[in-house]
Protein chains: 2
Amino acid sequence: MATSTVENYLKAALLYEQEKYGIVPMGALVEALGVVPGTVTTMVKALATQGLIEHEARQGVRLTPVGRALALGVLRKHRLVETFLVQTLKMDWSEVHDEAEALEHAVSDRVLERIDEFLGRPAADPHGDPIPDAEGRIADTARQVTMEGCAVNKILRVTRILDQTPDFLAYVQQSGLKPGARIKVLRREVASGVVRCEIKSGQELTLGLPAAAKIVVGAVV
Amino acid sequence: MATSTVENYLKAALLYEQEKYGIVPMGALVEALGVVPGTVTTMVKALATQGLIEHEARQGVRLTPVGRALALGVLRKHRLVETFLVQTLKMDWSEVHDEAEALEHAVSDRVLERIDEFLGRPAADPHGDPIPDAEGRIADTARQVTMEGCAVNKILRVTRILDQTPDFLAYVQQSGLKPGARIKVLRREVASGVVRCEIKSGQELTLGLPAAAKIVVGAVV
DNA sequence: GCTTGCTTTTTGACTATTCAAAATAGAGTA
DNA sequence: TACTCTATTTTGAATAGTCAAAAAGCAAGC
Ligand SMILES: [Mn+2]
Ligand SMILES: [Mn+2]
Ligand SMILES: [Mn+2]
Ligand SMILES: [Mn+2]
């Protein structure tokens with residue numbers, strides 16, 4: 001059985017892989033796990049011995065198929081637990097990440113299956129992050145469009161928030177841009193670096209381009 | 001923060017204390033935790049240093065008020081989680097113990113409060129074991145009566161199963177003696193060592209005295 | 001009092017994970 | 001080419017928890 005430390009390392013590598021391309025530098029793991037560099041070197045060697053990752057000296061790591069499958073399982077648990085905490089237990093979407101960070105290591109596959117069924121097999125978590133299915137398949141999010149680059153004057157739906165720091169989530173909540181919200185981008189002013197948009201009931205809102213780039217939108221269903 | 005190992009040791013000591021009187025012998029912890037005796041001696045010293053138990057050399061341990069409070073918190077998590085798994089996620093009552101054994105260390109107080117509220121602040125878990133409240137108060141079960149010693153020819157309700165081995169739980173389930181079931185003890189034959197009783201819809205059932213002693217009954221509400 | 005048998009403790013060793021601090025490799029720069 | 005800066009690795013040490021096996025304590029019986 002993989003320890004929770006092992007699971008955290010693999011999940012961190014997976015998330016980095018999904019965001020960037022190719023190899024995961026040691027520094028990315030240092031950052032994600034909050035440990036000193038020497039610790040990562042040590043752990044990475046151990047994980048490589050176990051066949052979960054490949055370690056290119058002075059370069060970084062790459063997940064093996066076994067390691068990736070394990071990481072996808074942990075990510076699935078994390079996101080289903082988050083969804084459960086928000087939908088069923090009515091917790092605030094900004095506080096569920098830390099809870100899921102611990103529960104993802106304690107929820108068994110049996111319990112997870114129950115949760116998945118109970119929730120009706122959701123495709124995304126409260127932040128709009130896609131949930132891998134039981135076989136480890138996960139929706140491709142490479143071509144998602146954000147408020148920074150979407151069509152103008154068209155009603156769209158917020159589907160995902162890329163920046164999940166508490167501050168940004170609080171801002172998103174308070175300004176009504178949570179996943180599910182319907183919005184319309186009115187215009188983009190590149191010179192001043194702002195995006196002007198309309199949210200439900202005609203209210204208008206102005207946000208900076210970097211913030212707009214963190215809000216993924218899609219067609220209204 | 002107490003590690004899950006520490007929590008398991010304290011909970012084991014608490015459960016033993018509740019069943020028997022006074023001091024908890026080292027062997028009881030060896031048995032409950034599934035480790036070798038030397039390990040218990042080592043851990044017990046560490047727990048004593050942390051002020052969670054008192055260690056009487058060659059005798060055993062006793063929980064300190066701090067240790068007992070911690071243990072009651074873990075027991076509360078365990079039993080609320082079991083209840084949640086059965087009532088909300090529809091898991092079988094015979095399989096939830098092991099799941100709760102892991103989840104009790106990962107569920108935060110915040111999540112626990114949500115679960116407690118969601119379930120309507122239950123007083124007992126699926127096995128009928130009392131759930132400590134948030135302040136650590138737990139119902140006194142010292143004078144509970146079992147089918148071995150209860151009144152005869154009176155309709156009673158099963159409230160608790162004391163033997164929670166999978167085999168016994170399966171027997172209880174299949175013979176309709178789960179907590180909540182209404183039963184009537186018809187007569188006790190001390191010579192042959194059996195108890196004859198009637199369960200719902202007039203079916204009769206015979207069980208041995210040791211088995212009867214594991215089924216707690218109370219007045220019908 | 002001496003021997004038996006069971007419980008508990010001691011000792012020595014091992015794994016997993018971590019940090020601090022020093023050493024080193026590379027990449028880019030002057 | 002030599003220097004500088006940063007990322008990574010090495011080394012040495014610590015903590016938590018565990019086991020195996022030997023030693024010690026103690027109660028009971030002879
Ligand atoms: Mn985690
Ligand atoms: Mn999420
Ligand atoms: Mn446990
Ligand atoms: Mn129980």
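Here is how names work: the chains are called A, B, and so on, in the same order as the sequence lines, proteins then strands, and each is numbered from 1. Keep in mind that this is a model prediction, so the values were computed, not measured.
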Just how far, in rounded Å, is [atom2] of [N] from [atom1] of [X]?
X     : N      : atom1 : atom2 : answer
B:Q50 : D:dG17 : CD    : P     : 8 Å
A:E31 : D:dT8  : CD    : C1'   : 16 Å
B:L47 : D:dT18 : CG    : P     : 11 Å
B:L52 : D:dA16 : CG    : P     : 13 Å
B:K45 : C:dT8  : NZ    : C1'   : 10 Å
B:L29 : D:dC19 : CG    : P     : 14 Å
A:M1  : C:dA16 : CE    : P     : 15 Å
B:E56 : D:dG25 : CD    : P     : 18 Å

Pick base, sugar-phosphate or nothing for B:A46, based on heavy-atom distances below 4.0 Å to the nucleic acid. nothing
Counting any heavy atom closer than 4.0 Å, what does B:G27 reach on the DNA or RNA strands: base, sugar-phosphate only, or nothing? sugar-phosphate
Can you tell me if [X] uses its side chain to pair, donor with acceptor, with the backbone of [Y] under 3.5 Å?
X      : Y      : result
A:S94  : A:P166 : no
A:R188 : A:V195 : no
A:H105 : A:N8   : no

Is there a side-chain polar atom (N or O) of A:Y9 under 4.0 Å from OP1 or OP2 of C:dA16? no
According to a strict under-4.0 Å criterion, is B:T39 in side-chain N/O contact with OP1 or OP2 of D:dT18? no
Tell me which nucleotide among [options] gets nearest to the side chain of [X].
X     : options                : value
A:T3  : D:dG17, D:dT8, C:dT17  : C:dT17
A:V35 : D:dC19, C:dT18, D:dG17 : C:dT18
A:T41 : C:dC19, D:dT10, D:dT18 : D:dT10
A:M26 : D:dA20, D:dT9, C:dA16  : D:dT9
B:H55 : C:dC19, D:dT8, C:dT9   : C:dT9
A:M43 : C:dT9, D:dT8, C:dT17   : C:dT17

Could you tell me whether A:E56 atom CD has more than 12 heavy atoms of other residues or ligands within 6.0 Å of it? yes
Which sits closer to the 5' end of DNA chain C, A:Q59 or A:T42, going by the nucleotide each is nearest to? A:T42
Please figure out whether A:S4 or A:R58 has its closest DNA chain C nucleotide nearer the 5' end. A:S4
Tell me whether the rings of A:H97 and A:H78 are parallel (<30°), tilted (30 to 60°) or perpendicular (>60°). tilted
